[in-house]
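To start, the structure itself, in structure tokens.
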Amino acid sequence: MGYALPSEQHSIAMAAATSATSAAPGAGAGDLRTREDELRRREEALLARESQVREQEAALRAHGLHPPNWPPFYPLIYHDIDTEVPAASRPIVHKIFKYWSYTVGVLVVNMVACLTILASHSTTTGGADFGSSLISTFTITALSFFAWYRPVYTAFSKDSSLFFYIFLLFEGLHILYAAYMAVGLPGSGAGGMINLLSVLTDGKYISAAFCIAATAGWMSDALFGFWIWVEVNTHVKRGGHSLDSARAQAVQMGVLGGVQAGAV
């Protein structure tokens, strides 16, 4: 925010224009000098405010505080891999973020597949499939972000054993969830294999095409997730992180939270 505020820039410009107009033949030299002094004072005050804002921003950054910038359409949190994550770990964190984004895409494709199942009337559970897939699209998007993506982002940015193990736990559960969705049990909200076979048997080829995409999406999501899990687990072991250090950090965070709550 180190720039002149538009309203103040406009005020200075207007004042300068007024000063120039007043400097017509016959205007007193003293009056002109007074206006110039006033402009100079206003400019110095503006520069002082800009400097103060920059100092406040620097102080916030020094304490790890940043203004929200993500998601772009409605910022709720601060998210900047290139700023918060050490350079050596940025490639894997970027990879995990792309994996999370891919998961969101699979959820959307799966929802469309379940909608086509409902429209094709191929099964008696089409309504349940679509309803469940619609709910899952929003809930799993949020849960996956806060349960395993955000923890691994924090783990790499702060080298935290606790958050590494939180990621390993919930990413493991997500892999099982993706594999379950690939099966496609009727009424589960998944356009996976069993629902795919049902629509193929009924000759509903448009619905089958979307179910094929959903099945392939869930399978690849599970496989890619397992690859990510193994890569992070290898990093955890090489970095000397352990369950004992994770427990110690959890206790420390609990104690600090209790102290802060008591202080309030």
So how far is it from Asn110 CG to Ser132 OG, rounded to the nearest 0.5 Å? 10.0 Å

Do the side chain of Thr154 and the main chain of Arg150 share a donor and acceptor less than 3.5 angstrom apart? yes

So which atom in Ile194 and which in Pro186 form the shortest heavy-atom distance, rounded to 0.1 Å? CG2-CD, 3.8 Å

Measure the spacing between OG1 of Thr34 and CG of Leu39 and express it to the nearest 0.5 Å. 11.0 Å

Expected list for residues 69-78: side-chain donor-acceptor pairs under 3.5 angstrom, two or more places apart:
unit_1: Asn69; atom_1: OD1; unit_2: His79; atom_2: N; d: 2.7
unit_1: Asn69; atom_1: ND2; unit_2: His79; atom_2: O; d: 3.3

Take His66 and Glu84 through the test side chain to side chain contact (heavy atoms under 4.5 Å, CB included) and record every step on the way to the result. CA-CA 10 Å; His66 301 274; Glu84 292 198 302; 3.9 Å; yes

Closest non-hydrogen atoms of Leu185 and Asn195, given as atom of the first, atom of the second and distance, are O-ND2, 3.9 Å

Approximate separation, where rounding is to 0.5 Å, of Asn233 CG and Ile228 CD1: 12.5 Å

Using 0.5 Å steps for rounding, measure from the CH2 atom of Trp148 to the CH2 atom of Trp100. 8.5 Å

Examine Met253 and Leu243 and state if one hydrophobic cluster contains both, with Ile, Leu, Val, Met, Phe, Trp and Tyr joined whenever side-chain heavy atoms are less than 4.5 Å apart. yes

Beyond-backbone contact of Arg33 with Asp37, side-chain heavy atoms, under 4.5 angstrom: yes

Which atom pair, heavy atoms only, marks the closest approach of Ala113 to Ser207? O-OG, 4.3 Å

Under a 3.5 Å distance rule, please check whether Asp129 uses its side chain to pair with a backbone N or O of Cys114 as donor and acceptor. no

Taking all non-hydrogen atoms of both residues into account, name the closest pair between Thr137 and Leu107 and its distance. OG1-O, 3.5 Å

Hey, can you tell me if Phe156 and His235 have their rings parallel, tilted or perpendicular (30° and 60° cut-offs)? tilted

Please determine whether the number of non-hydrogen atoms from other residues, nucleotides or ligands lying under 6.0 Å from atom OH of Tyr153 exceeds 12. yes

Members sharing Leu115's hydrophobic cluster, built from side-chain contacts under 4.5 Å between Ile, Leu, Val, Met, Phe, Trp and Tyr, are Met111, Leu118, Phe130, Leu134, Phe138

Check whether any side-chain heavy atom of Val152 sits under 4.5 Å from a side-chain heavy atom of Val93, and report yes or no. no

Could you tell me the separation between the OG1 atom of Thr215 and the CZ atom of Phe210, rounded to the nearest 0.5 Å? 13.0 Å

Verdict with reasoning, Met181 to Met193, per side chain to side chain contact (heavy atoms under 4.5 Å, CB included): CA-CA 9 Å; Met181 295 294 279; Met193 187 64 68; over 6 Å; no

Return the CG to CE distance between Leu223 and Met219, rounded to the nearest 0.5 Å. 8.5 Å

Spell out, yes or no, whether Phe146 and Ile135 are grouped together once hydrophobic residues are joined by side-chain heavy atoms under 4.5 Å, including indirect joins. no

Give a yes or no answer on whether the side chain of Ser144 reaches the backbone of Ile140 with a donor-acceptor pair at less than 3.5 Å. yes

ring-ring contact (aromatic ring centres under 6.0 Å, His included) assessment of Phe97 paired with Tyr149: CA-CA 7 Å; Phe97 180 70; Tyr149 172 70; 5.4 Å; yes

Honestly curious: do Val104 and Tyr102 fall in one hydrophobic cluster under the side-chain, below-4.5 Å linking rule? no

To check you understand the geometry: which heavy-atom pair defines the closest contact between Gly191 and Ile117, and what is its length? CA-CD1, 4.4 Å

On a heavy-atom basis, the closest approach of Ser160 and Gln249 is OG-OE1, 2.8 Å

Between Thr83 and Asp80, is there a donor-acceptor pair closer than 3.5 Å when you use the side chain of the first and the backbone of the second? no

Just by distance, do the side chain of Arg90 and the backbone of Asp82 share a donor-acceptor pair under 3.5 Å? yes

Indicate if Trp227 and Trp229 have the same hydrophobic cluster label, given that clusters are the connected sets of ILVMFWY residues with side-chain heavy-atom separations under 4.5 angstrom. yes

Take atom NZ of Lys95 as the centre, draw a 6.0 Å sphere, and report whether it contains more than 12 heavy atoms from other residues, nucleotides or ligands. yes

For a salt bridge (charged side-chain N to carboxylate O under 4.0 Å, His left out) check, start with the C-alpha distance between Arg35 and Asp31, then their side-chain angles and the critical distance, and finish with the verdict. CA-CA 6 Å; Arg35 291 181 179 275; Asp31 185 50; 3.7 Å; yes

Would you say that more than 12 heavy atoms from the other residues, nucleotides or ligands in this model lie under 6.0 Å from the CZ of Phe226, or not? no

Listed pairs under 3.5 Å, donor-acceptor, residues 161-176 side chains, sequence neighbours left out:
unit_1: Ser161; atom_1: OG; unit_2: His241; atom_2: ND1; d: 2.6
unit_1: Ser161; atom_1: OG; unit_2: Ser245; atom_2: OG; d: 2.9
unit_1: Glu171; atom_1: OE2; unit_2: Tyr99; atom_2: OH; d: 3.1
unit_1: His174; atom_1: NE2; unit_2: Asp221; atom_2: OD2; d: 2.9

